[in-house]
Amino acid sequence: MGLFDRLRTDALYNTGAVVQRTGVPADTFRAWERRYGLPAPARTLGNQRLYSDRDIATIDWLRDQTRAGLSISQAVRQFRAADAVDPLPPTATPAERDNVVEGGADTRMSGFLDEVVRAMIDYDAARASRAVEEALALLPIEDVCLHLLQPALYEIGHRWARGEVGISTEHFASAFVIRKLGALFNLSQPEQGRGPIVATCLEGEMHEVGLLLTCLFLSRRGFSILYLGPNLPLDDLVKTLRRVRPPLVLLSASTPPAAVQLAAASRDLKAHFSTPLSPYVPVIGYGGYVFVQHPDLRDEVDGIFLGRDADEAAARIDEVLAAA
Amino acid sequence: MGLFDRLRTDALYNTGAVVQRTGVPADTFRAWERRYGLPAPARTLGNQRLYSDRDIATIDWLRDQTRAGLSISQAVRQFRAADAVDPLPPTATPAERDNVVEGGADTRMSGFLDEVVRAMIDYDAARASRAVEEALALLPIEDVCLHLLQPALYEIGHRWARGEVGISTEHFASAFVIRKLGALFNLSQPEQGRGPIVATCLEGEMHEVGLLLTCLFLSRRGFSILYLGPNLPLDDLVKTLRRVRPPLVLLSASTPPAAVQLAAASRDLKAHFSTPLSPYVPVIGYGGYVFVQHPDLRDEVDGIFLGRDADEAAARIDEVLAAA
Amino acid sequence: MGLFDRLRTDALYNTGAVVQRTGVPADTFRAWERRYGLPAPARTLGNQRLYSDRDIATIDWLRDQTRAGLSISQAVRQFRAADAVDPLPPTATPAERDNVVEGGADTRMSGFLDEVVRAMIDYDAARASRAVEEALALLPIEDVCLHLLQPALYEIGHRWARGEVGISTEHFASAFVIRKLGALFNLSQPEQGRGPIVATCLEGEMHEVGLLLTCLFLSRRGFSILYLGPNLPLDDLVKTLRRVRPPLVLLSASTPPAAVQLAAASRDLKAHFSTPLSPYVPVIGYGGYVFVQHPDLRDEVDGIFLGRDADEAAARIDEVLAAA
DNA sequence: ATAGGTTTTGTCAAGCTTTTGTACAT
DNA sequence: ATGTACAAAAGCTTGACAAAACCTAT
């Protein structure tokens, strides 16, 4: 059904096609849009309207109601009321869903996990991709990330540590997972949302999977993310913060040296912005496995520790920014 | 079915025959090709167009859609969306196509390019994404990569060099483009194909856009790619080669030190595999802008230089592996 | 169906009758024959064309296709494509055809020739291949071999002699042509036929293009060929002859020493088989450019000189074995 | 609903090359 | 019958334009 939906939203119609399909004059439904914001078609770069199948269905419905004697304003009100009962993207918050599904999901997921790990060891991107797609069709994105993609990467990492597979396998798996996460991230970028949140790894730090995962989850929770990727010099981060003024900055480190650098950066940032002249000070959130292994490193950082995994981090950020 | 297909694709029609069969004036579908790259007929040595049965079916479909009120641009868009799910090889080879479309597509592309660059400077991933999606729906993937994504990155790079934007913008743009390329790469991984080809940047080298682009194009040409991403130690590459035995290894470098390291690695690899006992020696293909700026560096490398851009590289590799 | 075909090809019409039956002006289908070798009518002793029912059907078909908007070149191309799957013997014998087509075909061929030579100099096998395929779709195999592949090789040879290209270009071109000829040879191996004929170059002789060409033509004339390739020791040839007992052995030499060796071998073979106990003695046919340059060398050989080129050789062999 | 703007798209023209039917001279 | 020649036909590219479609605002 996901695929079907994808296709249907890809089918876009120009004004003329909508007129042929609905029998409603263009001026009419353009007036509806102007006065009531319904339908709400997308636009091309040339500013032409692009109607989806759903928009056409909406116009059909409005036309039928007016024919049945309803005024357009009443029809729109009824449409909105019906829509509130059966909202289109029924996105429960991920946290709620995880609690419910988790027990069952792990069982169901293990089959996919085996397949993905085996496919990765065989360098078979197509097979791994097929397994992931299948999992995505059955389970929410968050579950697939937390209980399939990340465990697969951990499993490969462990096997590498035990000398069972080479680092190439780890690279391949990592590149694969990053590509997948990137694709999911692209899909879930909200039009506008809370935030924005700036996310990056500082200069020298290359391990971006955890950060990308957190960003994906935040994006799914409706946050707008400004993802700057790995290896960013501190100076440039400062400039960006000054321009964008995000309420939160996310930093991630995976090795002790990177953690130390992150800690120094956090203090520099705070010092930099905490002047009488500057009313703006960004909150700093940080994470990374190194801070789980060496909790004492957290003491050096001037910011909020986001927890042991991306899921926890996203929940923590949600809280922090809801409070603010 | 293979034989049938062979026959059908061998049936080629000149422009006049297509006019008789579809009822669409030649000027019209030539304009479609000029503006949207669809259909994409092959050519004779005398530069006359040769349409396949598939091309004729395409024109028929487009004609029917326009009769149903769709504008030609939206018809093309829907055709491409359906085609992405169940792609068929174009009549013309990619190299031929690129030459043809460039002129017309560039004009059409410039609007997208402006929008993407502006969106990037505003750190507006959603807006940039929308523009890229629109371009992808209207124009072939190859064109979008070469004439939109890469130029956008160059433009941002130039503005950074001129001090007009910060390095964060460059990072943001780079992360965005890599995510997009990764997504396209995922879409076009063929079930089985020629190859496999192993692609990586060696330890220390982080600039993977060019390599990823080349891999995407190769993937679209039907090659199976084993993408190991940036920062891979040589030892691990050797182990992988020994296990996978790809006919070709792709290496990329962007800085002089990385180029020197690549050169040393190429010689090591050759020395490693060129023993009387080893019947297998992988071909090494390499590229990266540093080899264009400093051609003398090529002399140090024991491998095939793949040219100045991803398109050239993909064509070159196609040749090399066809000859083998 | 075999009987039917036999009868149909026996019915012969002169040019005027064909005009009456097809409604196509004589000039027109003679131009088709001149430019594309289709149809290929037989001839009277006075050199008048004699069209079979099949030729008339061919002309009818071509006329219908052009009425349907196809250009004559594409109609021929489609005819040949269908014919490759289910080939029928042409009315005229290859020798007759070759003489007829030469003049006109050369003009048409020169475009292909330029392209192939240029592609070879660029080491672009794919481009060269494309040009050859196109020529094969438009013209009979014999023409393509004699007026495209062989001239291309000569042209490259001359340029090498003039120092315009390196010896690697010559090697590349030679390997390319041998591959192409080999592929055509594979395609045209008849199920069963006259023969078999054993063909080889003796130890030390590596120049196999002429021999391969002759074998291809013989194969197209319905002979079954046992191609042993270059560099065969005499002993092994003897063993093979004893086992296969072919009515004819083909030998080829390109240099004076190879010619001397060939002469000695011919005498040895004759001596070997001409014993009272042996009822079987193979006929020896030989050729190669060295025997054209130094006709006196022919005196040393105990066999039949096959003429100055592959075409002549094939015709000569046809005669010899028809008489036997 | 109309007016006055922009964008999109089918069509055409000019100037060129390639292809192809027909005519002519040998 | 053959080979050459030639002119008409068909194709190609670039650039342009005007009608159609679409947009906003009155």
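Throughout, protein chains are lettered first and strands after them, A, B, ... in sequence-line order, and every chain is numbered starting at 1.
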Whole angstrom value for the distance that separates [atom2] of [N] from [atom1] of [X]:
X        : N      : atom1 : atom2 : answer
C/Glu115 : D/dT18 : CD    : P     : 13 Å
A/Arg30  : D/dA1  : CZ    : C1'   : 12 Å
A/Asp27  : D/dT2  : CG    : C1'   : 10 Å
A/Leu45  : D/dT7  : CG    : C1'   : 12 Å
C/Trp32  : E/dT2  : CH2   : P     : 18 Å
C/Arg77  : D/dT20 : CZ    : C1'   : 17 Å
B/Leu50  : E/dG11 : CG    : C1'   : 12 Å
A/Glu33  : E/dA25 : CD    : P     : 12 Å

For the side chain of B/Thr28, counting heavy atoms from C-beta on, which of D/dG10, E/dT13, D/dA23 is nearest?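 Nearest listed nucleotide: D/dG10.
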Given D/dT9, E/dC23, D/dT19, identify the nucleotide with an atom nearest to the side chain of B/Tyr36.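 When the side chain of B/Tyr36 is considered, D/dT9 is the closest of D/dT9, E/dC23, D/dT19.
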Think [X] has a side-chain N or O under 4.0 angstrom from the OP1 or OP2 of [N]?
X       : N      : value
C/Arg34 : E/dG3  : no
A/Gln48 : E/dA21 : no
A/Thr15 : E/dC23 : yes
B/Asn47 : D/dT17 : no
A/Arg43 : E/dT24 : yes
C/Arg49 : E/dT2  : yes

Between the side-chain atoms of C/Arg35 and the base atoms of D/dG21, is any donor-acceptor pair under 3.5 Å?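 Between D/dG21 and C/Arg35, which were checked side chain against base, a qualifying N/O pair under 3.5 Å is present.
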Can you name the nearest heavy-atom pair linking C/Trp61 to C/Ala75, along with the distance?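 The pair with the smallest heavy-atom distance is CZ3-O, 3.4 Å.
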Taking all heavy atoms of B/Val24 and all of B/Phe29, pick out the closest pair and write down the distance.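 For B/Val24 and B/Phe29, the tightest heavy-atom pair comes out as O-CE2, 3.4 Å.
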One pair to check against side-chain contact (heavy atoms from CB on, under 4.5 Å): B/Leu45 and C/Glu134. What are the steps and the verdict? CA-CA 8 Å; B/Leu45 279 185; C/Glu134 199 175 330; 3.7 Å; yes
Pair A/Arg80-A/Leu38, side-chain contact (heavy atoms from CB on, under 4.5 Å): steps then yes or no: CA-CA 9 Å; A/Arg80 287 243 155 76; A/Leu38 195 73; 4.0 Å; yes
Can you sort out which residues in residues 61-74 of chain C have a heavy atom within less than 4.0 Å of DNA chain D? Ascending by number, please.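 Heavy-atom contacts with DNA chain D come from C/Ser71, C/Ile72, C/Ser73.
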Within the 4.5 Å heavy-atom criterion, are B/Leu50 and B/Pro41 side-chain neighbours or not?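 They are not in side-chain contact.
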Indicate yes or no for a side-chain donor-acceptor contact from C/Glu115 to the backbone of C/Ala128 under 3.5 Å, with no hydrogens or angles considered.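 No; judged by distance alone, with no hydrogens or angles, the pair does not exist.
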Please assess B/Arg43 against B/Glu33 for the test salt bridge (charged side-chain N to carboxylate O under 4.0 Å, His left out), listing each intermediate value before the final yes or no. CA-CA 13 Å; B/Arg43 301 283 184 135; B/Glu33 181 190 345; 3.8 Å; yes
